[in-house]
Amino acid sequence: MTRVSRDFGNTMQKEAVPALSADVIFASSRFPNYKIGANNQIVDIKDGPKFLSMKEVVARETAMLLEQQKRLSVRDLASKFEKGLAAAAKLSEEARLREAASLEKHVLLKKLRDALESLKGRVAGRNKDDVQEAISMVEALAVQLTQREGELIQEKAEVKKLANFLKQASEDAKKLVDEERAFARSEIENARTAVQRVEEALQEQEQMSRASGKQDPEELMKEVQEARRIKMLHQPSKVMDMQHELRALRIQLAEKSKHSLLLQKELAKSKRVEGNLSHLYELDGAETLGSYLRIKPCSDIAPELSKCPIQWYRIMSEGSKKELISGASKSVYAPEPFDVGRILQAEIVYDGQLIILTTNGAIDPAAGLGNYVEALVRKHDVEFNVVVTQMNGADHPSESIHVLHVGKMRMKLCKGKRIIAKEYYSTSMQLCGVRGGGNAAAQALFWQAKKGLSVVLAFESERDRNGAIMLARRFAFDCNIMLAGPDDRASLGT
């Protein structure tokens, strides 16, 4: 069959083609729907109702599913997926029927072209040109039909993909429903078992109470009868003596009971005082590395903390020996890396009474700090931007930026090109978090480079401060040096 370019179809005349014969009439430029009936007669097919294309149907169903997905339950979602699967199967069947109709159109076009070719050989002049134009129209229609078939094939592939997706989603939804149903059944069984255990315990307790209730009156009756028997057997004088002794014992018992009541009142009073003292203050703040803990009064009658001695301790576990944190005598304390995994305890002395505040659990590590330090260990020298707030115990007025170098063999503090301190790791060097201060305590550390030279450095963030402490202690440990704060080396060694 001769192919015609796409430009020819666009420039084709739109007017009606003159009649070539009594049986073949072209009423327009598009190919009408025909069907070959009996005796090779062409029969018109009436246009049926217009249907949406498969792309539009698929898009509409997908939009509806996405819109209703949030407000559907698991069972409704499974039902919806099954309906979508049925719709996809229906669309696939329609695509198959359209493919069959397209095949019939191809056959019809071929027969029509053969008829026109045979007619072309029998006519001449203007009629022959008309036949040739009709043949070109048929070929153009064949090209258009081929293109339409390609679109139908693509739509069929999309429908098949959607059907597979909906089938898998339906199976997942059914599986989820089964899992939820099994979980609900197990929970119901557990609840029933618990209720049964409680009922059995109540019944057992009721039986025990009934048995004890019956036993007590019987024992009392036996004791009374025994007392009467003894009284009748003995002489009246002896009975009188026993009654006097019994009266004396009753008087002594009354005195002892009064004394016991007084002791109980005093004990309750002392416990009440201790309870009131323990509820005067509480620890406020997150119990994690990178935050700070503050002793906060929780009562209007709580005395000022500035008038009470305070001391912080660290405890390995409950019941173990506490370790004093030297210098931590303020109402605010920022945990340092050495406190991770330990319980912190603050002791307040007020009017001769000791008030103890303890964290709910051990101090938790900061998230991601370990990976951050491991990344810094690979470097030979790490720099941190700091501000010197104190030097040798005196406030430092300058707030200029300094650089703290933490190396594998030494630490160095510089301001521009001027070196303020540079010391190798040694036993005289001390490094720890600032023990006391305000809200910025979590971002500051204390560094004693050597005897007679100490500074307090403020970092840009809590992570930099804790990372610098852990990194320096890691490098010092590689040099067989235990780098810690004041009076911490004994606890580190143990």
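In what follows, every heavy atom counts, from backbone to side chain, and hydrogens, waters and symmetry copies are set aside.
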Practice item. Evaluate the side-chain proximity of Glu323 to Tyr313: yes if any heavy-atom separation is below 4.5 Å, no if none is. Key: no
Point to revise | Sub-4.5 Å side-chain heavy-atom contact between Gln390 and His396 | key: no
Exercise for review: In sequence, state the C-alpha distance, the side-chain angles, and the governing distance for Asp339 and Leu289, and then conclude on side chain to side chain contact (heavy atoms under 4.5 Å, CB included).
Suggested key: CA-CA 8 Å; Asp339 297 324; Leu289 182 63; over 6 Å; no
**Study point:** Spatial distance of atom OG1 (Thr427) from atom CG (Asn480) [nearest 0.5 Å]
**Key:** 12.0 Å
Check your understanding: Are Leu457 and Leu404 close enough, and set up right, to give a side chain to side chain contact (heavy atoms under 4.5 Å, CB included), and what steps lead you there?
Key -> CA-CA 9 Å; Leu457 305 177; Leu404 177 66; 3.9 Å; yes
Review point. Do Leu357 and Tyr281 come within less than 4.5 Å of each other through their side chains, counting heavy atoms only?
Key: yes
Exercise for review: Please determine if Asp284 and Arg294 form a salt bridge, counting it only when a charged side-chain N lies under 4.0 Å from a carboxylate O.
Suggested key: no
Revision key, fill the gap. Rounded to the nearest 0.5 Å, the OH atom of Tyr292 sits from the OH atom of Tyr333 at a distance of 15.5 Å
Review point. What's the spacing between Gln353 CD and Cys308 SG if we round to 0.5 Å?
Key: 12.0 Å
Exercise for review: Would you mind checking if Arg181 and Asp178 are paired as a salt bridge, meaning a charged N to carboxylate O distance below 4.0 Å?
Suggested key: yes
Exercise for review: For Ser326 and Pro486, work out which heavy atoms get closest and say how close.
Suggested key: CB-O, 3.5 Å
Point to revise | Side chain Gln448, main chain Ser428, donor-acceptor under 3.5 Å | key: yes
Review point. Between Ser257 and Leu253, is there a donor-acceptor pair closer than 3.5 Å when you use the side chain of the first and the backbone of the second?
Key: yes
Review point. Do Ile295 and Leu305 have side-chain heavy atoms sitting under 4.5 Å apart?
Key: yes
Review point. Backbone N or O of Arg435 within a donor-acceptor pair of the Trp312 side chain at under 3.5 Å?
Key: no
Check your understanding: If every non-hydrogen atom of Pro337 is compared with every non-hydrogen atom of Asn466, which pair is closest and at what distance?
Key -> CD-OD1, 3.8 Å
Revision key, fill the gap. For Glu189, the salt bridge (Lys or Arg N to Asp or Glu O under 4.0 Å) test, sequence neighbours excluded, returns Arg192
Point to revise | Stepwise side chain to side chain contact (heavy atoms under 4.5 Å, CB included) test for Leu445 and Val456 | key: CA-CA 6 Å; Leu445 63 77; Val456 175; over 6 Å; no
Review point. Just wondering, do Tyr425 and Asp478 contact through their side chains at under 4.5 Å, heavy atoms?
Key: no
Revision key, fill the gap. To the nearest 0.5 Å, atom NZ of Lys451 lies from atom CE of Met429 at 13.5 Å
Review point. Is there a side-chain contact between Ser400 and His402 (heavy atoms, below 4.5 Å)?
Key: yes
Exercise for review: Give a yes or no answer on whether the side chain of Ser329 reaches the backbone of Ile310 with a donor-acceptor pair at less than 3.5 Å.
Suggested key: no
Review point. Can you tell me how far the OG atom of Ser331 sits from the CG atom of Leu283, to the nearest 0.5 Å?
Key: 11.0 Å
Review point. Under the side-chain contact (heavy atoms from CB on, under 4.5 Å) test, which residues partner Thr193, sequence neighbours left out?
Key: Arg197
Review point. Can you find a side-chain donor-acceptor pair between Asp172 and Gln168 that sits under 3.5 Å?
Key: yes
**Study point:** CD/Glu187: more than 12 non-hydrogen atoms of other groups inside 6.0 Å
**Key:** yes
Point to revise | Where Ala472 and Leu431 come nearest, the two heavy atoms and their spacing | key: CB-CD2, 3.5 Å
**Study point:** Those residues that, when tested against Lys322, pass salt bridge (Lys or Arg N to Asp or Glu O under 4.0 Å) (two or more places apart)
**Key:** Glu347
Review point. Can Arg185 be said to sit on top of Phe183's aromatic six-ring, NZ or CZ under 6.0 Å from centre and within 45° of the ring axis?
Key: no
**Study point:** Positive for side-chain contact (heavy atoms from CB on, under 4.5 Å) with Arg314, one of Ile343, Ile325, Ile363
**Key:** Ile325
Point to revise | Derivation and outcome, side chain to side chain contact (heavy atoms under 4.5 Å, CB included), residues Gln345 and Ile356 | key: CA-CA 7 Å; Gln345 177 177 305; Ile356 299 176; 3.6 Å; yes
Residues 368-379 side chain polar contacts: donor-acceptor under 3.5 Å, at least two apart:
from: Tyr372; atom 1: OH; to: Asp464; atom 2: OD1; distance (Å): 3.1
from: Glu374; atom 1: OE2; to: Arg474; atom 2: NH1; distance (Å): 3.2

Exercise for review: Tell me, please, which residues at least two apart from Ile419 pass side-chain contact (heavy atoms from CB on, under 4.5 Å).
Suggested key: Lys412, Cys414, Lys422
Point to revise | Residue pair Lys307 / Tyr350, side-chain heavy-atom distance below 4.5 Å | key: no
**Study point:** Donor-acceptor pair, side chain of Ser291 and main chain of Ala286, under 3.5 angstrom
**Key:** yes
Review point. Salt bridge or not for Glu336 and Arg465, using N-O below 4.0 Å?
Key: no
Exercise for review: Kindly compute the distance separating CD (Gln443) from CZ (Phe459), expressed to the nearest 0.5 Å.
Suggested key: 10.5 Å
Check your understanding: Where is the tightest heavy-atom contact between Met391 and Val455, given as atom of each residue plus distance?
Key -> CE-CG1, 3.9 Å
Review point. Is the shortest heavy-atom distance from the side chain of Leu471 to the side chain of Val382 under 4.5 Å?
Key: yes
Point to revise | Counterpart residues, side-chain contact (heavy atoms from CB on, under 4.5 Å), relative to Lys175 (two or more places apart) | key: Glu179
**Study point:** Distance-minimising heavy-atom pair for Phe477 and Met482
**Key:** CD1-SD, 3.9 Å
Review point. Any idea which heavy atoms bring Leu413 and Val386 closest together, and the distance?
Key: CD1-CG2, 4.0 Å
